[in-house]
Amino acid sequence: QSQWDKFYSFLSDFECPPIRKLIFDKNPINEHFCKFIQNSKTLNVLSIRGCLSNDSPCIKQLSEAFSINSSIVELSIS
């Protein structure tokens, strides 16, 4: 199991502390990350630069997470 698989497995069972800012640039994103973002109700700033490509399978899940999480006021994607 890769380190990222272990990390995302941990995230799926993790009760999120009050995080206000997350810089996650150039890291892989999957459905567990999207659920984490969706459930992070105190997250105000998120940067995921270099995490997505045009054919990324998580784009739809990520957009759904953003529509549910209204606390994000600053988002950086490139």
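Every value quoted in this text rests on a predicted model; they were computed, and no experiment measured them. All residue numbers in this chain count up from 1 along the given sequence.
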Check: Glu64 main-chain N/O paired with Ser67 side-chain donor or acceptor under 3.5 Å: yes
Would a hydrophobic clustering, with Ile, Leu, Val, Met, Phe, Trp and Tyr connected at side-chain separations under 4.5 Å, put Ile68 with Leu62? no
Check whether any side-chain N or O of Asn69 sits under 3.5 Å from a backbone N or O of Ala65 as a donor-acceptor pair, and report yes or no. no
Going only through I, L, V, M, F, W and Y residues with side-chain contacts under 4.5 Å, is there a path from Ile48 to Ile19? yes
Mind checking whether Phe24 and Phe33 have parallel, tilted or perpendicular rings, split at 30° and 60°? parallel
Taking C-beta and beyond as the side chain, do Gln38 and Leu43 meet within less than 4.5 Å on heavy atoms? no
Checking the side chain of Asn27 only, and the main-chain atoms of Asp25 only, is there a donor and an acceptor separated by less than 3.5 Å? yes
What heavy-atom pair brings Cys58 and Glu31 nearest, and what distance separates the two atoms? SG-N, 3.8 Å
With the 4.5 Å side-chain cut-off for hydrophobic clustering, are Phe36 and Trp4 part of the same group? yes
Could you grab the distance from atom OG1 of Thr42 to atom CG of Asn39, nearest 0.5 Å is fine? 11.5 Å
ILVMFWY network linking Val45 to Phe66, side-chain heavy atoms under 4.5 angstrom: no
Distance from Ile37 atom CD1 to His32 atom NE2, nearest 0.5 Å? 14.0 Å
How many angstroms lie between CD1 in Ile72 and NZ in Lys21, if you round to the nearest 0.5 Å? 13.5 Å
Tell me whether Asn44 contacts the main-chain N or O of Ser71 through its side chain, where contact means a donor paired with an acceptor under 3.5 Å. yes
Is any side-chain heavy atom of Cys34 closer than 4.5 Å to a side-chain heavy atom of Ile29? yes
Shortest non-hydrogen contact from Lys26 to Cys51? N-SG, 3.6 Å
